[in-house]
Each structure stands twice: as structure tokens, then as C-alpha cells.
Amino acid sequence: MEISGTANLEQDWIGDVLAIGFIEGQIALENSRAQLDQKLNGLVSEIITESKFEGKAGSNVSLKIAGIKDLKRIILVGLGKEPSLDNIRNAAATVAREAKKNKSLSIALPVIEADAQKIAQALTEGLLLGLYKDERFKSEPEKKELELESVELLGLPDTQASIELAQTIISGVILAKELVAAPANFVTPLEMAQNAYQIAQQYGLGLKVLEEQDCKELAMGAFLGVGQASNLPPKFIHLTYTPSQKASKKVAIIGKSLTFDSGGLNIKGQGSGIETMKMDMAGGAATLGAAKVIGQLKPEIEVHFICAATENMISGNAMHPGDILTASNGKTIEIINTDAEGRLTLADALVYAEKLEVDYIVDLATLTGACVVALGDDIAGLWSTDQDLIDQLQQAAKDSGEKIWLMPLESNYFEAIKSPIADLKNVGSRAGGSITAALFLKEFIKETPWAHLDIAGPVWADKTSGINNAGATGFPVRTLVSWILALADH
């Protein structure tokens, strides 16, 4: 599908579908819109009146047109009272779903006080995500008599660079979506390593995959303890993007990569959502998705992408509740619950990342149900030891339209994860569970500014809404890329 910006306006466009955006409360037809309405014999004003369209965010009206040679359908879409880039993305996704069985589409927005390049990027992101459909595992994919071949963004000339940037970013989002959506018999630790290999080969990144023996030599007892019941060997994946010139900044991104989580001997019971635990590697999927984007954009910053990939399974070799594991920094961990395993894999990954002497470390993980209880399905929790890093990530999330919320690293809660026989327990009480999980991870960072994102809620959508079709969302690839690019620009 070809997406392009053009100086043309509504009344000049010829094609299949014309989508017109409206600000809530500003529905009067003026200038080019009035000319279009006149050209269509008052049809646009008639649609607005009869449907009682007000331009509210998320609203839309679609009407098939008969008897007009140059136009088949009009879509009116609401942008809300103060149209944000996020509303623009969502509107574009809505339009894409309505127009997907046509060959050509144009989108016209009202004059908005926002950078034209950012508007074009947001529109392109929304279009591509709205049109995305995963049919890899269907024996007979849906037959498409027609599908979009071209989209024009009216009134947005000279925005091709922003359109191409959006296309690159969404390629990484789609990789993350496909990894998360695929079942555990397709996405194994080996398959994650194979994806890393493909990214490295295609975009020139460095790759190191530590095998089980390598991890033993590095004393990664926490990571290896989680995977010891699986028949599949663990893979500790380390991709490195190195810029052409000496980088002024170095960062590490670590993604929790449990390709399946049974809960271990504390097996997940009925109603636990065990059938969805293929997505417990969503942090690793987003990490690889970001690596794919950064490999294409090639910013002047060094980035390390780390995935400690394994399964949490049940066998005679499984770790027991009550076992004590020793992480690679020497800290000992009493296993209270084998279903609190993600933090164990991240512990050794954090120690490994800090040895790389980076400026910032960010980990992302589907870590706790407690975070979903606290923040719901759309918002990730953010914990950090560094205010500057907090500001950077909050701005990146805002720019990308992904939602994160700062949570407290309440030091008093650390008492809940103190063990009488080891340095730490891997889980405390139910109260404040996402906070004690973050405090646990903090024990594996010495000095490096660090942030933890608990993404358990927003990595999966139960129903289509906004830019997200039902299923895996690719969260938070766009935030990670926005953060890295902003660091590179400073």
C-alpha cells in the first residue's frame, strides 16, 4: 500500500473513499469543505444533520454514495474537542477499517495546531495498525476481492520522510504483535533467538546468544532455575546496535521472555488465564521489535537489546517452592511461589546489563496481575530510581500515544520480600504486589539509572478499540523507539 502526502484538498480529490475529520463543536462547512458539499449537492451537510454527527472522539459515520462518478463512500470521523495526535491515530485506524475493501482512500483533517510532520506520522501509524490482520494460523485466510492500494493525506505535502518513519516503526510493532500472538509451540526460546539472528543479519546488529552452559559459567542461577523443568534449552539473547560514529550515550533494554508460563509447581489453576501465557514474552517481543526499528533508522546511540528466553514448566526437574536460588550478583532468593518467575529471569539480565556500563537500563515485563488491578488494561506501570529517566520515558510515551503511569518505589514495602533464610523472597504478600516486584528488581541494580515497566495490561486487547485490533498490541515498541531517538538527538 502506498501512502503519500499531497497539497490537494477535499473538493479536488478523485477516488473511492474520502474521510473527513471534524473537531467536536466545529462542524460548520467552510472553505474547501463547503466547496465539496456544493459539488456533492449538499450531501455532506445532509449526513451531518441526519446522523446528528458532532465530531466526538471515536465517533464516525460512513455512507456509500450512489450516482457520483468520482466518489464511492464518505466517512466522517470525530477528533474530539482538542484533537491530539493520539486521537488522530485512532481516527485513522477507524477510517482504515471502514475503507479496507476499496482501492483508494484520502484523509482530510481540519486545520490543527500541530506539526504537519507529526500529523502525517500519526495518520500513517493509525492506518497501518487499523489495517493489520493476523491470519498466519488459518488454513484458509479471508479472500479479499479489493484492498487498499493507495492513501493520500490531503493538505500534508512534503511529509514523505515522516510517513516512511511511521512505516518503519510499525514494522517493529507488527513483529512484536506477531511474536506475542503466536502460540508457545511456534515461539520458543530458539525461535526468539532465530528472530534476533534475522534482525542482526538484515540490519547489521551484533548478536551473542548465551547457551545454558554459558549461563552456568556466569552463575545465572535465577534465570536457569526458572527454565530447568523445560525440555527446551534456554537462550540468553543479546543484540547490539552500534552507530557508525562513537556514541555519546549507551542504553540497555531488557524484555521478559517467558515463552510459556505454566506457573511451575504453583501451577496456574482454572480461571487463571493459563491459555494466554503464550504472551508472557511480550517484553522480549517488544525488545526485538524495537531492535528491528533501530536497526533500520540507525540513530547515533548504542543500544543493547536483551532477552533471557525460557519456559516455566513442570517436571521432575522443576524448582520447588522453598528452594533457594543464587543470582549472578551473589544474592540468594527463597522461592515462595514458582509462578513469580519473571523477576528471576530479569534479575540475572539486569546484572548482565549493568556490566555493559550503559547510561540507562529499562526493563519491560508482563510481571504482575497486581499492576493490571491497579491501572487496568490500557496503562503500564513505571518505577524508576532516576527522575531524569522518568521524564524521558513519560515524554516518549506521550509522544507515541502509549500510556504509562509513575508508581512508587515505597522502601517500607521491602520488608515484605525479606527472607529469614536468604537475602530475598521472590514474592511478598498480595498487597502492593507490583511495588514489591519492582523493589525485588531494584536489588539487582547497583548504580545505573534504571526503570521498570510493568506492561501486563496493555500488551493484549480483548476487543478492537482505537488503533488496536483485538489481540496483541505491540506495546510499548513505539515508546521505546521514541525514547531512543530523543536520546540520540540530544
Side-chain angles (χ1 to χ4, degrees), residues 1-24 26-45 47-48 55 60-63 65 68-80 82-96 98-100 102-131 147-170 399 401 467:
M1 181 178 68
E2 181 181 353
I3 302 174
S4 59
T6 174
N8 291 338
L9 298 177
E10 297 95 317
Q11 78 275 15
D12 303 318
W13 190 78
I14 296 174
D16 289 346
V17 182
L18 172 62
I20 309 174
F22 287 87
I23 298 172
E24 185 177 352
Q26 298 181 31
I27 309 299
L29 299 176
E30 299 174 343
N31 304 321
S32 62
R33 297 183 172 199
Q35 294 176 42
L36 173 68
D37 191 42
Q38 185 177 6
K39 175 182 174 181
L40 297 178
N41 301 316
L43 182 61
V44 178
S45 54
I47 296 169
I48 290 171
N60 71 93
V61 179
S62 177
L63 181 69
I65 299 174
I68 302 293
K69 180 181 177 181
D70 299 332
L71 189 60
K72 292 181 180 179
R73 182 178 292 276
I74 286 183
I75 302 172
L76 310 185
V77 62
L79 301 175
E82 297 180 3
S84 63
L85 291 176
D86 202 31
N87 284 353
I88 290 171
R89 279 188 200 90
N90 291 336
T94 297
V95 166
E98 289 284 342
K100 64 183 178 182
N102 294 271
K103 284 191 174 182
S104 59
L105 163 69
S106 71
I107 299 178
L109 297 182
V111 176
I112 296 172
E113 292 185 7
D115 182 271
Q117 302 297 331
K118 290 182 179 179
I119 291 173
Q121 180 181 339
L123 282 169
T124 303
E125 289 175 353
L127 284 165
L128 294 174
L129 291 172
L131 288 172
E147 58 181 308
L148 277 175
E149 295 176 356
S150 65
V151 180
E152 285 188 317
L153 310 182
L154 303 183
L156 292 171
D158 305 318
T159 54
Q160 198 58 36
S162 296
I163 291 168
E164 291 174 3
L165 172 62
Q167 290 170 324
T168 301
I169 292 171
I170 298 306
D399 291 343
I467 59 171

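If you're wondering where the values come from, they're calculated on a predicted model, not measured in any experiment. One-based numbering along the sequence shown.
- Between Phe22 and Ile27 there is a side-chain heavy-atom pair separated by less than 4.5 Å.
- Listed for the Asp70 side chain is no donor-acceptor partner under 3.5 Å among the backbone atoms of Ile14.
- Between Ala7 and Pro157 the shortest heavy-atom distance is N-CB, 3.8 Å.
- Panel note: side chain Asn60, backbone Leu76; no donor-acceptor pair is recorded below 3.5 Å.
- Contact of the Leu123 side chain with the Ile88 side chain is registered, since non-hydrogen atoms from C-beta on lie closer than 4.5 Å.
- One distance of note links CG of Leu105 with CZ of Arg73; it measures 11.5 Å at 0.5 Å rounding.
- Using a 4.5 Å cut-off on side-chain heavy atoms (C-beta onward), Lys118 and Ser162 make no contact.
- Under the 4.5 Å side-chain criterion, counting only non-hydrogen atoms from C-beta, Asn31 is not in contact with Leu9.
- The side-chain heavy atoms of Leu85 and Ile119, taken from C-beta on, include a pair separated by under 4.5 Å.
- Distance check: Ile3 CD1 to Glu164 CD gives 10.5 Å after rounding to the nearest 0.5 Å.
- Around CG of Asp115, the count of heavy atoms belonging to other residues, nucleotides or ligands within 6.0 Å exceeds 12.
- Of all heavy-atom pairs between Leu79 and Ala91, the closest is CD2-CB, 3.7 Å.
- Nearest heavy-atom pair, Glu152 versus Trp13, reported as atom, atom and distance to 0.1 Å: OE1-NE1, 2.6 Å.
- Closest approach of Leu43 to Asp37, counting heavy atoms only: N-OD1, 3.3 Å.
- For the residue pair Gln121 and Gln117, no side-chain donor N or O sits within less than 3.5 Å of a side-chain acceptor on the partner.
- The number of heavy atoms from other shown groups lying within 6.0 Å of CD (Glu82) does not exceed 12.
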Problem - Pair Leu128-Gln167, side-chain contact (heavy atoms from CB on, under 4.5 Å): steps then yes or no - result: CA-CA 8 Å; Leu128 294 174; Gln167 290 170 324; 3.9 Å; yes

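- Taken from NZ in Lys100 to CG in Leu131, the straight-line distance is 8.0 Å, to the nearest 0.5 Å.
- The side-chain heavy atoms of Arg33 and Val44, taken from C-beta on, include no pair separated by under 4.5 Å.
- Using a distance-only test at 3.5 Å, with no hydrogens or angles considered, a donor-acceptor pair links the side chain of Asp16 to the main chain of Lys103.
- Judged by distance alone, the side chains of Glu2 and Ser150 never bring a donor and an acceptor atom under 3.5 Å apart.
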Exercise for the section: Start with the C-alpha gap between Thr124 and Leu153, add the side-chain angles, then the distance that decides, and say whether side-chain contact (heavy atoms from CB on, under 4.5 Å) holds. Expected result: CA-CA 9 Å; Thr124 303; Leu153 310 182; 4.1 Å; yes

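- The two residues Gln160 and Gly5 have their closest heavy-atom pair at OE1-N, 4.2 Å.
- Shown are Ile65, Leu71, Asn102, Val151; of these, the side chain to side chain contact (heavy atoms under 4.5 Å, CB included) with Val17 is made only by Asn102.
- Using a 4.5 Å heavy-atom threshold, the side chains of Leu127 and Leu148 count as separate.
- In this structure, the side chains of Thr6 and Leu154 come closer than 4.5 Å at one or more pairs of heavy atoms.
- When all heavy atoms of Ile75 and Glu98 are compared, the closest pair comes out as CD1-CB, 3.4 Å.
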